[in-house]
*Asks:* 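Submitted below is the structure of interest, expressed as structure tokens.
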Protein chains: 2
Amino acid sequence: MGRRSDHTRQELEHLFLVEGHKHMAEVGFARFSAREVAKRIGYSIGTLYNVFGTLDQLLIAINTRTFQLWAEEVRAALESSGPDRIRCLVEAYFGFARANRHSWTAIYDHHLPPDVVLSDEQNQRRGGLTQIIVDEVVAVLPSRAQADAPRLARSLIAVVHGHCVYDLNGSFALMGIEQPMELALERVRESLNHAGASVDGLK
Amino acid sequence: MGRRSDHTRQELEHLFLVEGHKHMAEVGFARFSAREVAKRIGYSIGTLYNVFGTLDQLLIAINTRTFQLWAEEVRAALESSGPDRIRCLVEAYFGFARANRHSWTAIYDHHLPPDVVLSDEQNQRRGGLTQIIVDEVVAVLPSRAQADAPRLARSLIAVVHGHCVYDLNGSFALMGIEQPMELALERVRESLNHAGASVDGLK
DNA sequence: CACTTTATTGATCGACGTTCATTTCGAACT
DNA sequence: AGTTCGAAATGAACGTCGATCAATAAAGTG
């Protein structure tokens with residue numbers, strides 16, 4: 001067969017991407033199959049490789065999409081947030097990971113070969129979530145501490161991430177640790193307070 | 001062929017385990033191959049399955065071994081530690097992950113199917129590292145705070161873990177964050193101080 | 001109409017995890 | 001010593017995977 005012209009190249013790429021993301025959400029990284037993705041939208045495996053070139057590139061695109069959905073969810077949560085926006089952030093972070101286990105985990109399961117690098121475009125799309133958090137941290141810190149805000153924000157992301165990993169993989173449950181999200185929030189508050197933060201929501 | 005009697009079943013299991021661990025350290029989780037492990041020690045793939053039953057069980061054993069080596073290294077570091085044992089802990093944690101990227105990452109890359117559970121023995125072996133950290137946190141907290149020490153210790157492990165992940169996967173470097181280990185240590189100190197800790201090494 | 005260009009295919013390859021009928025050989029027993 | 005027995009070890013076989021690429025079919029072009 002030849003040009004089918006049902007879809008432009010862009011549309012086709014989007015089809016693969018959306019269906020790939022759905023497949024990832026359903027079966028997870030370990031059971032993900034490029035063949036299955038192609039089959040699902042009625043194209044052959046060859047076409048998928050023509051569009052993405054590499055399995056890695058498809059996985060990168062899928063994970064970037066997860067980042068974008070994640071950022072949207074966090075943004076939406078912040079818009080309907082009460083005064084304690086830091087709690088809102090942590091809850092939205094955890095909430096997305098818990099509600100989208102497979103997609104969220106796939107972000108960290110996929111390790112790029114040393115010779116493959118994320119394109120600037122992918123990095124920019126993924127950076128949106130981080131920027132949201134940096135902005136909130138900046139908003140909460142006193143002016144004297146704002147120079148270190150980006151660095152602190154990234155550190156707090158790591159703090160929450162670590163708690164999130166142990167929550168999802170069952171380590172906390174195994175050790176009898178309850179309410180891991182509250183635990184993460186305690187750490188975040190301590191660090192923000194130590195940096196001089198003062199917010200309505202902070203006790 | 002039949003009983004070769006070169007090795008007892010225990011020795012054979014240990015051979016597979018050690019060689020599997022070595023293979024994992026060399027190629028990482030994504031490129032790990034059970035066939036390759038068997039070939040390396042001169043046994044067939046069938047024998048490996050006779051011994052471990054499942055690829056998951058082999059991976060569990062390999063990762064448990066990583067936990068044990070990790071704990072040993074941390075223990076050794078603590079024995080030759082100066083007064084700042086908390087810093088020593090964080091440095092040893094990071095140090096092992098950095099020096100054993102593939103083995104360390106494999107711990108978190110391997111997701112058990114929902115129907116498979118870690119045996120009590122495996123959990124006990126893996127828990128050694130956590131216990132070391134809990135002990136050090138207990139030693140540093142005032143008596144009034146010791147009830148919460150185990151919970152806080154697990155939380156601090158998550159804090160360091162999160163920083164370690166972002167260090168190894170390049171996220172910190174990408175964002176221009178330098179000295180991620182020091183960053184993690186700052187967070188740990190803040191939380192310990194907030195809990196009333198007082199140590200020689202603490203500034 | 002013929003010709004070029006482009007999109008799409010799926011057979012093909014090597015490698016993987018997994019299974020299991022078959023084989024091999026030490027050991028126990030005449 | 002031969003015979004039997006059973007545990008240990010094998011590797012061919014199966015289905016699936018990522019990846020490749022010559023072949024093919026349709027659209028555009030003149």
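Predicted model, so just to flag it, every value in this text is computed and none were measured. Naming: A, B, ... by sequence-line order, numbering from 1 per chain.
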*Asks:* Please tell me which of the listed nucleotides, dT10(D), dG18(D), dT19(C), lies nearest to the side chain of I45(B)?
*Replies:* dT19(C)
*Asks:* Just the rounded figure in Å: distance from C1' of dC16(C) to CZ of R31(B).
*Replies:* 14 Å
*Asks:* Could you tell me whether L48(B) contacts a base, only the sugar-phosphate backbone, or nothing, with contacts defined as non-hydrogen atoms closer than 4.0 Å?
*Replies:* nothing
*Asks:* How many Å lie between NZ on K39(A) and P on dG10(C), as a whole number?
*Replies:* 12 Å
*Asks:* For S81(B), what residues pass the side-chain hydrogen bond (donor to acceptor under 3.5 Å, both in side chains) criterion, not counting sequence neighbours?
*Replies:* none
*Asks:* Can you work out whether G46(A) or G46(B) has the more 5'-proximal nearest nucleotide on DNA chain D?
*Replies:* G46(B)
*Asks:* For T47(A) and dT8(C), is the shortest distance between a side-chain N/O and OP1 or OP2 below 4.0 Å?
*Replies:* no
*Asks:* In whole Å, I'd like the distance from the CD atom of E13(B) to the P atom of dA9(D).
*Replies:* 13 Å
*Asks:* Strictly by modelled atom types, are N169(A) and S171(A) linked by a side-chain donor-acceptor pair under 3.5 Å?
*Replies:* yes
*Asks:* Between H194(B) and N193(A), is any side-chain donor less than 3.5 angstrom from a side-chain acceptor?
*Replies:* no
*Asks:* When you check the side-chain N and O atoms of D120(A) and Q124(A), is any donor under 3.5 Å from an acceptor?
*Replies:* no
*Asks:* Quick one: sort the F52(B) and F16(B) rings into parallel, tilted or perpendicular, breaks at 30° and 60°.
*Replies:* perpendicular
*Asks:* To the nearest angstrom, how far is L12(B) atom CG from dT10(D) atom C1'?
*Replies:* 13 Å
*Asks:* Could you tell me how far apart H23(B) (NE2) and dA15(C) (C1') are, to the nearest whole angstrom?
*Replies:* 12 Å
*Asks:* Any luck finding a side-chain donor-acceptor pair between R125(B) and T64(B) under 3.5 Å?
*Replies:* no
*Asks:* Considering residues at least two apart in sequence or located in another chain, which fulfil the salt bridge (Lys or Arg N to Asp or Glu O under 4.0 Å) criterion with E73(B)?
*Replies:* none
*Asks:* Ignoring backbone atoms, establish whether Y43(B) has a side-chain N or O less than 4.0 Å from OP1 or OP2 of dA9(D).
*Replies:* yes
*Asks:* Mind listing the residues from residues 49-65 of chain A sitting with a heavy atom below 4.0 Å of DNA chain D? Number order is fine.
*Replies:* Y49(A), L55(A)
*Asks:* Can you check the E11(A) CD to dA7(C) P distance for me, whole Å?
*Replies:* 14 Å
*Asks:* Rounded to the Å, how far apart are F16(B) CZ and dG17(C) C1'?
*Replies:* 15 Å
*Asks:* How many Å lie between NE2 on H7(B) and C1' on dC25(C), as a whole number?
*Replies:* 17 Å
*Asks:* Could you work out which one of dT9(C), dT10(D), dT18(C) sits closest to the side chain of R35(B)?
*Replies:* dT18(C)
*Asks:* Using the side-chain heavy atoms of S33(A), tell me which of these nucleotides is nearest: dG18(D), dT8(C), dT10(D).
*Replies:* dG18(D)
